[in-house]
Amino acid sequence: MQPRRRDLYVTAGLIFVGLGIAGGGGVLLYRTLRAADAVAASYGVRNGGIELTRNELDSAILRLAALPLPGADEEGALTFLDYAAADGAARRHDEAQWRRQLLATREAARRTLLLSPSRADVSLALAEVEYLLHAPRQAVEAPLELSFASAPRELWIVKRRIGLGLRLAPDASPRLEKHIESDIRILGEPFRSLDNYWVLARAALRAGPAAIALVRQILARGHPWPFQFFNQDLDRLSARKPAAAH
């Protein structure tokens, strides 16, 4: 091959690679700009800091669903936005839409975990959705155990995870039971926020008598204050109308 022709081929190849990189950068920039507000909103929804209207939820979901090559952040955002949309459908008593949104949440969560397996918040959401869809027990426990493995002591996740954990506790495997007991002990640690005991009491009341008995059994082994505050909170919640306990 003549030197000049070889140089031409090399130059053409470098241009092709450069255009590919630039194109990839353009896609990334487009994805970031288009998704930034929706991703930010999803964190607010996930953390309970904001509540979007139905139109706002639908708009954010559509923007994320239309993205080329979505990453873990975008798929995770879609998980919580779809989950919030399912909650909205439940409040409207729209069972068909509730189920569609739960199925969409499940798929978004699975895609997120393929990209980022350590997302404890998303694995917990997946476990909750599988539970709500009456999936086989293993389909519920597998992502729940992933949440325990990824964030064993992260308090904001523990405060949410305890609700599902106490519902599963009566029939939990020994390994899962140890994880649930660990969450109870974390929320029942003495000299921490009183809100933790309230969260624990509310979750136990929702889960039923077996959950209440389990929490009392665990707390009775430690400092007397958490046990006392838990029982006081439980009495206050029990005295309310059923809707007020939720």
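Computed from a prediction, not measured in an experiment: that's the story for all the values here.
- With hydrogens and angles disregarded, no donor-acceptor distance shorter than 3.5 Å links the side chain of S147 to the backbone of P143.
- Between L168 and Y131, the closest side-chain pair of non-hydrogen atoms falls below 4.5 Å.
- A distance of 11.5 Å separates NZ of K159 from CG of L200, quoted to the nearest 0.5 Å.
- Minimum heavy-atom separation, G163 to A203: CA-CB, 4.0 Å.
- Between R110 and E130, at least one side-chain nitrogen of the basic residue sits less than 4.0 Å from a carboxylate oxygen of the acidic one, meeting the salt-bridge criterion.
- The line from CG of L164 to CG of L144 is 5.5 Å long, rounded to the nearest 0.5 Å.
- Proximity of R192 to L187: side-chain heavy atoms (C-beta onward) are nowhere separated by under 4.5 Å.
- In this structure, D82 CG and I61 CD1 are separated by 4.5 Å, a value rounded to the nearest 0.5 Å.
- Using a 4.5 Å heavy-atom threshold, the side chains of Y83 and L132 count as touching.
- Cluster partners of L126 are F80, L113, V122, L146, counting Ile, Leu, Val, Met, Phe, Trp and Tyr whose side-chain heavy atoms approach within less than 4.5 Å, directly or via other members.
- Closest approach of A201 to L237, counting heavy atoms only: C-CD1, 3.8 Å.
- In this structure, the side chains of T112 and L78 stay at 4.5 Å or more apart for every pair of heavy atoms.
- Counting heavy atoms from C-beta on, the side chains of L155 and N196 come closer than 4.5 Å.
- Distance check, rounded to the nearest 0.5 Å: CD of Q138 to CD of E141 gives 6.5 Å.
- Note that CD1 of I162 and CG of D183 are 5.0 Å apart. Values are rounded to the nearest 0.5 Å.
- When side chains are defined from C-beta on, R206 counts as touching R202, because their heavy atoms get closer than 4.5 Å.
- Applying the side chain to side chain contact (heavy atoms under 4.5 Å, CB included) rule to A84 yields the partners V45, L57; only residues at least two apart in sequence or on another chain are considered.
- By the 30° and 60° cut-offs, the orientation of the rings of F191 relative to H223 is perpendicular.
- Put simply, CH2 on W225 and CD on Q232 are 12.0 Å apart, with the number rounded to the nearest 0.5 Å.
- One finds a salt bridge joining R153 and E189 here, because a Lys/Arg side-chain nitrogen approaches an Asp/Glu carboxylate oxygen to under 4.0 Å.
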